[in-house]
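Worth saying up front: this structure is predicted, and the values here are computed from it rather than measured. When reading the values below, keep in mind they use all heavy atoms of this one structure, side chains included, and skip hydrogens, waters and symmetry mates.
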Amino acid sequence: MRSYIVGGAVRDRLLGRRGGDVDHVVVGATPEQMLAAGFRPVGRDFPVFLHPRTGEEYALARTERKVARGYRGFEFHADPSVTLEQDLARRDLTINAMALDRDSGEIVDPFGGRRDLALRVLRHVSDAFAEDPVRILRVARFAARFHDFTLAPETLALMRQLVAAGEVDALVPERVWQELSRGLMEAHPARLFEVLRDCGALAALLPEVDRLWGARPPAEHPPGRDCGAHLLRALDTAARLDAPLPVRWACVGRDLGSGTAPPEERADPVGHEMRSVQLVEAIDRRLKVPADCHELAVLAAREHAHVHASGALGADALLRLLERCDALRRPARFEQLLLACECDARARAGFEHQPYPPRERLRRVLTLARGIDTAAVAAAVTAASGARPGPAVGAAIRRARVQALAAAGY
């Protein structure tokens with residue numbers, strides 16, 4: 001029985017990066033031997049164990065065989081006869097198919113992973129790559145992480161073949177969202193969508209997003225730039241600003257209506273916003289997107305243009321904007337909306353390093369509106385009327401907020 005560190009931990013060590021989880025493969029062992037050594041079983045589909053002290057995962061070396069369509073259609077085989085090379089052969093990319101012998105310090109690299117690290121190339125290990133369509137998403141995610149790596153032509157060709165064969169149609173929504181959300185949080189999330197679009201997977205999985213390419217942007221954008229290119233710039237802006245996942249997803253859904261809007265609707269902001277909202281809601285239902293990401297994406301689709309134009313709004317209109325966004329009750333989510341709008345604004349060429357005045361202005365407005373002593377206003381209304389008239393209290397609080405904003409010069 002011998003154990004090896006495998007996968008991303010080896011790759012990151014060779015790149016000089018700080019790694020995350022450390023995975024191990026055990027060669028020459030049976031489940032009974034692992035249990036006798038104190039390991040705890042956790043694998044449902046194949047034998048994986050947790051180390052009794054460190055909690056790190058140790059998987060028995062295994063092979064796999066495709067028996068049905070989709071990423072779940074595999075049979076796994078694990079026994080002491082499976083070699084380390086056989087286990088590594090089932091992995092996705094050569095840079096992830098290396099192992100480190102913990103005893104000798106030797107790097108086991110049967111498929112040229114070190115070479116491809118030096119060449120900065122993402123290359124599939126073998127034709128077994130085609131058996132798991134999730135690997136299309138994983139490659140796109142790794143492209144977003146290792147933005148200076150190129151995609152091997154033969155790997156891109158294989159990914160296109162998988163898409164053409166309809167393999168991505170068998171992916172379950174939860175797994176698609178898992179890989180998309182992880183890719184969005186990489187340093188260059190734009191590459192996630194570039195790779196998915198290049199192989200055809202974006203049109204299959206997110207046609208609402210794919211249609212942004214070729215759609216005309218608003219007049220203030222430079223000629224020759226379409227809505228898809230703007231989306232990519234917004235995503236990388238979000239990464240530079242260290243935006244959380246809900247903000248990055250809001251950047252994706254903010255302007256989906258541009259991909260399908262007829263020319264006459266572009267002059268109708270309300271119709272355009274509602275089209276974007278409907279498309280966001282359709283994607284989020286399909287992929288079972290978490291509530292925080294869904295809510296912010298819908299809010300950004302509906303309100304981003306109003307946030308951009310808020311500098312021209314007076315006190316009453318500013319308060320209506322806050323109310324529509326539920327900012328008085330949910331200031332943290334409103335702050336995320338402002339960040340998403342800033343990413344959108346700074347995605348325009350020449351605006352990358354420009355300040356975004358609406359963000360600071362609306363922060364001040366919200367602080368003033370929330371600063372009203374609502375209990376004191378309610379008490380004054382109650383004392384004047386001799387009762388507790390709910391609607392009257394709400395109206396009085398709103399008037400106090402508008403007056404506070406007007407007194408501050410808004």
Working for salt bridge (charged side-chain N to carboxylate O under 4.0 Å, His left out), residues E186 and R182:
CA-CA 7 Å; E186 298 291 358; R182 294 176 71 182; over 6 Å; no
Distance-only criterion, 3.5 Å: show the donor-acceptor pairs between side-chain atoms of residues 349-358 and protein atoms not counting sequence neighbours.
residue	atom	partner	partner atom	Å
E352	OE1	G350	N	2.9
E352	OE2	R233	NH2	2.5
Y356	OH	H308	ND1	2.6

Aromatic ring pairing H51/Y58, orientation class (parallel under 30°, perpendicular over 60°, tilted between):
tilted
Atom OG1 of T374 and atom CD1 of I397: how far apart are they, to the nearest 0.5 Å?
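Output value for this atom pair is 5.0 Å.
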Could you tell me the separation between the CG atom of L287 and the CZ atom of R175, rounded to the nearest 0.5 Å?
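If I round to the nearest 0.5 Å, the distance is 14.0 Å.
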Show, in sequence, the C-alpha distance, side-chain angles and deciding distance for L88 and M98, and conclude whether the side chain to side chain contact (heavy atoms under 4.5 Å, CB included) test is met.
CA-CA 7 Å; L88 295 175; M98 295 179 284; 5.9 Å; no
Set of ring pair (Phe, Tyr, Trp, His ring centres under 6.0 Å) partners for H147, sequence neighbours left out
H188
Which residues share a ring pair (Phe, Tyr, Trp, His ring centres under 6.0 Å) with W213, sequence neighbours left out
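Applying ring pair (Phe, Tyr, Trp, His ring centres under 6.0 Å) to W213 gives none.
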Atom [atom1] of residue position [X] - does it have more than 12 heavy atoms of other residues, nucleotides or ligands inside 6.0 Å?
{"X": "R398", "atom1": "CZ", "result": "yes"}
{"X": "R329", "atom1": "CZ", "result": "no"}
{"X": "R160", "atom1": "CZ", "result": "yes"}
{"X": "R286", "atom1": "CZ", "result": "yes"}

Counting only N and O atoms by type, is there a donor-acceptor contact under 3.5 Å from the side chain of D87 to the main-chain atoms of A61?
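Checking the backbone N and O of A61 against the side chain of D87, no donor-acceptor pair under 3.5 Å is found.
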Under 3.5 Å: donor-acceptor pair, side chain of R91, backbone of G7
no
[X] and [Y]: side-chain donor and acceptor closer than 3.5 Å?
{"X": "H306", "Y": "E273", "value": "yes"}
{"X": "H230", "Y": "D344", "value": "yes"}
{"X": "H124", "Y": "T155", "value": "yes"}

Does any pair with a residue in residues 93-113 pass salt bridge (Lys or Arg N to Asp or Glu O under 4.0 Å), and if so which ones, sequence neighbours excluded?
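For residues 93-113, and leaving out neighbouring residues, the salt bridge (Lys or Arg N to Asp or Glu O under 4.0 Å) pairs sorted by first residue read R2-D101.
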Could you list all the salt bridge (Lys or Arg N to Asp or Glu O under 4.0 Å) pairs where at least one residue sits in residues 50-60, not counting sequence neighbours?
none
Pairing of [X] and [Y] as salt bridge, 4.0 angstrom limit:
{"X": "R135", "Y": "D92", "result": "no"}
{"X": "R18", "Y": "D12", "result": "no"}
{"X": "R240", "Y": "D236", "result": "no"}
{"X": "E323", "Y": "R320", "result": "no"}

Kindly list each side-chain donor-acceptor pair under 3.5 angstrom involving residues 401-410, sequence neighbours excluded, with atom names and distances?
residue	atom	partner	partner atom	Å
R401	NE	A369	O	3.0
Y410	OH	R364	NE	3.2

Compare all side-chain heavy atoms of L196 with those of I136 and state whether any distance is below 4.5 angstrom.
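The answer is yes, as the side chains (C-beta and beyond) meet within the 4.5 Å cut-off.
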Going through the distances and angles, do L362 and L321 end up as a side chain to side chain contact (heavy atoms under 4.5 Å, CB included)?
CA-CA 10 Å; L362 288 173; L321 175 59; 4.1 Å; yes
Salt bridge (charged side-chain N to carboxylate O under 4.0 Å, His left out) for E335 and R330? Distances and angles first, verdict last.
CA-CA 9 Å; E335 179 63 31; R330 303 183 65 178; over 6 Å; no
